[in-house]
Structure formats: C-alpha cells, structure tokens
Amino acid sequence: MSANTQIVESFWLARPSTSVAPDLLGCSLVRQFPDGETIRGIIVETEAYGPGDPACHAYRQRTPRNEVMFGPAGMSYVYLIYGMYHCFNVVTDAEGVASAVLIRALQVDAVPQEFAGIPDKKRSRLAAGPGKLCKVLKIDRTLSGFPLGAGQPLRLEHRSDRFQQAVEEGTINFVQTTRIGISQGIDLPWRWYVGNSTAVSQL
DNA sequence: AGTGGGATCTGT
DNA sequence: CAGATCCCACTA
C-alpha cells in the first residue's frame with residue numbers, strides 16, 4: 001500500500017472497531033464539495049463502539065437511526081447530538097455486526113477561508129472534537145449511509161509514508177484510554193489518540 | 001402523544 | 001457549570 005492512496009478496500013475496515021480505531025489514526029478524512037473544493041484533516045483521535053457495548057447506539061435494538069451501523073464496513077454514520085452538533089463515524093466489521101469508529105478529532109492544516117480570521121491558538125484546535133470537526137468539514141446527516149471511497153463527498157486516505165515511518169520509529173506514539181462523554185461502558189479502554197498531537201479533544 | 005436524555009461545545 | 005436545541009427511542 002502506497003501513501004495517499006484512497007481507502008476503497010472496505011475489507012480493511014471489515015474488522016472489529018477496536019482493531020480499526022487505532023489504525024485510523026494518521027489517516028486523512030477528506031471532504032469534497034461539488035465545486036471541487038476539498039477540506040482535509042488528519043485523524044488524531046478515535047473511539048470504538050461495538051457489540052456488547054452499552055454505550056453503542058445499537059446496543060438495544062436495530063432502529064432507523066442506527067441502521068447503517070449494521071451494514072457493511074466503510075460506510076459513513078452521522079448523527080445529530082444535543083440538537084446542534086453532528087458526529088461522524090466509520091462503520092466497521094462484518095455486515096450484520098453493528099459497530100463503528102467515532103472520529104473525535106482532526107488536525108486541519110489548510111484551514112478554510114471562512115475560519116482564517118480566528119486566533120492562531122484556536123485555529124490549530126479548530127477540529128479538536130467530534131462536533132467541531134463536523135462543523136469545519138460541513139458534515140451533517142445527509143452524508144450518513146454513504147461509502148467513504150473515491151469520488152464520494154467524504155473519503156478516507158491512508159497514512160502518509162512519513163507518518164507511518166514515524167510510527168515505526170517511535171517518534172509518534174498512540175495513547176489508549178477510556179472513552180469520553182458517555183455514561184455507560186465508561187471503563188472500556190476504547191479511545192485512542194496521537195500522543196504528541198495538540199489537536200486532540202482532551203488529554 | 002408525551003418525554004427524558006444524549007458518543008457536545010461555548011462562554012461565565 | 002449552565003445553557004443551547006432537536007431528535008428519537010421508550011413508555012403508555
């Protein structure tokens with residue numbers, strides 16, 4: 001696998017969310033608009049949700065909202081939270097197994113024009129949170145249930161060679177901890193983030 | 001048909 | 001730490 005190739009191999013995501021979540025760190029999420037404009041961010045924080053997990057939206061029943069989580073890997077799952085923010089997930093694992101990885105933070109290098117006026121300190125943390133990154137990339141529920149492949153409004157790209165090399169050399173390390181903002185399943189260590197990143201939602 | 005709480009974020 | 005704000009899953 002070479003750098004910057006798009007992740008069209010959905011089988012790569014057809015594994016338990018707890019395996020996929022750390023592997024998504026360093027990959028890029030790319031938003032492509034009809035006019036050709038793109039906004040991209042490097043994934044620096046993720047959380048896994050899956051079977052037997054009381055914090056998972058599909059823990060109780062298959063419902064209209066969580067339907068896409070039961071589908072094949074490599075699809076988007078977007079939902080509205082607290083009436084005003086959206087959260088973006090990558091659906092994982094085999095068809096019929098409800099699971100997903102919540103993307104919690106992105107490092108956005110090329111900040112869109114409309115955010116150019118804000119202070120440097122805030123600008124580096126523009127997408128440091130699941131609701132914030134959806135605001136920056138203009139992700140809402142209309143983008144739920146679509147494949148994350150080439151030519152789509154949202155797509156994933158693999159780690160750059162540079163990032164992968166840094167991981168292997170130990171220059172970049174990953175931290176695994178418990179998840180944030182939930183009231184059940186609070187002891188499961190299913191949150192991962194890039195150790196030296198300044199763009200994670202919390203430490 | 002009504003309702004309580006939610007995988008959040010911002011400003012005080 | 002309160003408030004914003006809306007959808008939906010659950011109860012009846």
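Letters A, B, ... are given to chains in the order of the sequence lines, protein chains preceding strands, and every chain is numbered from 1.
At whole-Å resolution of the value, OH in A/Y79 and P in B/dG6 are 12 Å apart. The nearest whole Å value for the distance from the CZ atom in A/F88 to the C1' atom in B/dT8 is 17 Å. We find that CD1 of A/I180 is positioned 8 Å from P of B/dT8, with the value rounded to whole Å. In this entry the distance linking OH of A/Y82 with C1' of B/dC9 reads 10 Å, nearest Å. B/dC9 atom C1' lies 13 Å from atom CG of A/L133, rounded to whole Å. Spacing between atom NZ of A/K132 and atom P of B/dG11 amounts to 10 Å, rounded to whole angstrom units. As rounded to whole Å, 11 Å separates atom C1' of B/dG5 from atom CZ of A/R65. Residue A/R125 contributes atom CZ, which lies 13 Å from atom C1' of B/dT10 at whole-angstrom precision.
Within 4.0 Å (heavy atoms only), A/L102 reaches at least one base atom of the nucleic acid. Counting non-hydrogen atoms under 4.0 angstrom, A/R60 reaches the backbone sugars and phosphates but no base. Note on A/R141: only backbone sugar-phosphate atoms sit closer than 4.0 angstrom, heavy atoms only; bases stay farther off. As judged by a 4.0 angstrom heavy-atom cut-off over every strand, A/G83 is placed among the base-contacting residues.
Taking 4.0 Å as the cutoff to heavy atoms of chain A, we find the contact window on DNA chain C bounded by C/dA4 to C/dC10.
A/E45 and A/S201 form a side-chain donor-acceptor contact under 3.5 Å, judged by distance and modelled atom types alone. Side chains of A/S76 and A/S144: no donor on one and acceptor on the other come within 3.5 Å.
Electrostatic pairing of A/D109 and A/R40 does not count as a salt bridge here, judged by no charged N lying under 4.0 Å from a carboxylate O. Under 4.0 Å is where a charged nitrogen must lie from a carboxylate oxygen, and between A/R155 and A/E157 at least one such pair does. The existence of a salt bridge linking A/E47 and A/R104 is confirmed by a sub-4.0 Å separation between a basic side-chain nitrogen and an acidic carboxylate oxygen. A salt bridge does not link A/E37 to A/R31: none of the charged side-chain nitrogens sits closer than 4.0 Å to a carboxylate oxygen. Ionic pairing of A/R179 and A/D53 is present here: one or more N-O contacts between side-chain nitrogen and carboxylate oxygen are shorter than 4.0 angstrom.
With the nearest nucleotide of DNA chain B identified for both A/K135 and A/A100, A/A100 has the one nearer the 5' end.
For the OP1/OP2 pair of B/dT8 and a distance below 4.0 Å, the side-chain nitrogens and oxygens of A/S201 include no atom meeting the criterion. Contact annotation: A/K122 side-chain N/O to B/dG11 OP1/OP2 distance is under 4.0 Å.
In this structure, A/Y49 forms an aromatic stack with the base of B/dA7, since both conditions hold: centre separation below 5.5 Å and plane angle below 30°.
Nearest nucleotide to the side chain of A/Y85, out of B/dA7, B/dG6, B/dC9: B/dC9.
The shortest distance between side-chain heavy atoms of A/V90 and A/L156 falls below 4.5 Å. In this structure, the side chains of A/Q32 and A/L154 stay at 4.5 Å or more apart for every pair of heavy atoms.
For A/H57 and A/Y49, the distance between ring centers is not under 6.0 angstrom.
For B/dG5 and C/dA2, the P atoms lie 16 Å apart once the distance is rounded to whole Å.
For DNA chain C, the stems formed by at least three consecutive Watson-Crick or G-U pairs, with both atom-pair distances below 3.5 Å, span B:1-6 with C:6-11, B:8-11 with C:1-4.
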